[in-house]
Amino acid sequence: MNVFVPNRLAGAALLSLLAACGGNGDDPIPQLTPATGATLGSCTDLTTRFSFANTTITAANAIAAGTLTIAGTPVAAHCQVTGTMYSRTSAVDGKSYAIGFEMRLPNNWNGRYFYQANGGTDGAVGTASGGIGGGGPLTNALQQGFAVISSDAGHTNAQNPTFGIDPQARLDYGYQAVGKLTPMAKGLITTAYGKGPDRSYLGGCSNGGRHALVAASRYADQYDGILAGDPGWRLPLAALANVAGYQTYVSLATTAGDPATGFTVAERTLVSNAVTAKCDALDGASDGLIQDTKACQAAFDLSRDVPTCTGTRDGTCLSAAQKTGIAKLFTGATISTGAKIYTSFPWDNGLATSGWGPTWKFGAPPSRDAGAIGFIWQVPPVDPTGFNGTTFAATSNVDDLYAKIQATNATYTENSLAFMTPPSPSNLAALKGRGAKLMIYHGTSDPIFSSDDSVAYQEALNAANGDDATNFSRLYLIPGMNHCSGGPATDQFDMLTPLVNWVEKGEAPNSVIASARGAGNAAAVNADLPAAWAPNRTRPLCPYPKVARYSGSGSVETAASFTCQ
Ligand SMILES: [Ca+2]
């Protein structure tokens, strides 16, 4: 590093300058100023007033208050602008591609911009209302006055998942659509309100959480606050591990070809109850929530704590083969060398749900993972003619796929781990250095993206920042929650408001209050909620490694009886 140092520069200033260059954990973090609002001038003429390179605005419609609602509450009047960017015809598959988007611009704007990162393999321009975390939230970013963008990330639903045959569509899905849309969105905001956004945020869950952590690495100069929910930040590896799990469950099935009979709902309830018996009280309250996830991993042993069948499987025991096969999946599915494909999954008590089993462990491998691996991530992609997801998931050689998702050739020059995962994930010096903040949440019963991978992400950040990165990045584990929502959990919360307060006021979020969604919930009832819980049970979500512990007095139904320790 060459630093020109004038002779008059005092020693202290020199040390300060060198420290700033070195990026150690003690650097002062700048405090960003709060956003200030503005009023939308006009809406429908944005089709002609706004122009941006490689962009076509297709419509601008005034949307009356109450046209959209969130949890029964009307969303205020706003302007919906739709368009496309980078329309093109692929030289590889001959198909037409574009990055479709919509923006929703509140008449009474709070001065902030929110990029709504969508889930799955994208492909749909979801309503740009700005989801803020958890299941059935009571508010959203649009309702709070943000200008929100949503996009399909460069392909339509009809092109899912074969868009991956086009190499540029792979890259747009992976990371480039966010990079192309962001300056356009800020430009449209500037035209609409006469000034650009004072503060910019990006958030989503699942693949949206992946987009969020990719943006934290790649687009740190563009965003002040990032909210990553149940992030599949190593999505191709998670999907392949899920295929390996599918093959294990098929091998354990009592009905040929039906993985759900390899680990039945009765057996999953048995294991969940056994985990509860060993782990529930570790946080001080036997309340059906395992809040000390880490201690639980040492306390529970599948082999020891669940009966082994001596005869026919009947839901009161697991066979020896089940114990071996299922324990290995929790430890982490491997290739034949013994190397983990992805990561471990923590023992928790949210395994008995339809979300855990039929949706993700048994249903996703043929319906989601197979097509994504085959068309979007492997090199070369499979031939779509005669493709069968069930056959692919059940019979593919996992070692072979593990190599193919890391391969490149002259047409597909970036492998899937390069374009899907955040580069240098533990180096967020750019994000930290400008005063931006990152909040991550993750359900500990997420069956597809493991909360252990978010723990590893945060711990790597800690290690790279003097053993504590919590002055700019915090992870909130959500006991019992399945993938982004559901499970026996308090899964209703607003994590955007505390993020804004952290970014703009310096109020570090020491806990976030979450609620159960029982009978009468204004947004949506969580069918997985145990009957014994109060329908509106609350808990503090705590920044890792702190966990919510019972204070020793007071109702277990209320957050006030728990503290983050
Ligand atoms: Ca407990």
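Because the structure is a prediction, the values reported are computed rather than measured. Quick note: numbers below take in every heavy atom, side chains included, and nothing from hydrogens, waters or symmetry partners. Remember, it's 1-based here, ligands and their atoms both numbered in the order they're listed.
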Task: NZ on Lys437 to CD1 on Ile226, rounded to 0.5 Å - done: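 Between atom CD1 of Ile226 and atom NZ of Lys437 there are 12.0 Å.
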Task: Val306 to Leu270 - nearest heavy-atom pair and separation - done: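 Taking Val306 first and Leu270 second, the nearest heavy atoms are CG1-CD2, 3.6 Å.
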Open item on the list: Check for me whether the distance between the ring centres of Phe493 and Tyr476 falls short of 6.0 Å.
Closed with: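 For Phe493 and Tyr476, the ring centres are not under 6.0 Å apart.
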Task: salt_bridge(Asp283, Arg539) N-O dist < 4.0 Å - done: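 No, no charged N to carboxylate O under 4.0 Å.
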Task: Metal environment of the Ca ion (ligand 1), protein N/O/S under 3.0 Å - done: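 Sorted hits: Asp280 O, Asp280 OD1, Asp283 OD1, Asp283 OD2, Ala285 O, Asp287 OD1, Leu289 O.
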Task: Working for side chain to side chain donor-acceptor pair (under 3.5 Å), residues Gln565 and Thr563 - done: CA-CA 6 Å; Gln565 297 175 29; Thr563 55; 2.7 Å; yes
- [ ] Go through Glu267 and Arg313 one step at a time and tell me if the salt bridge (Lys or Arg N to Asp or Glu O under 4.0 Å) criterion holds.
- [x] CA-CA 9 Å; Glu267 292 164 343; Arg313 284 169 48 193; 2.8 Å; yes
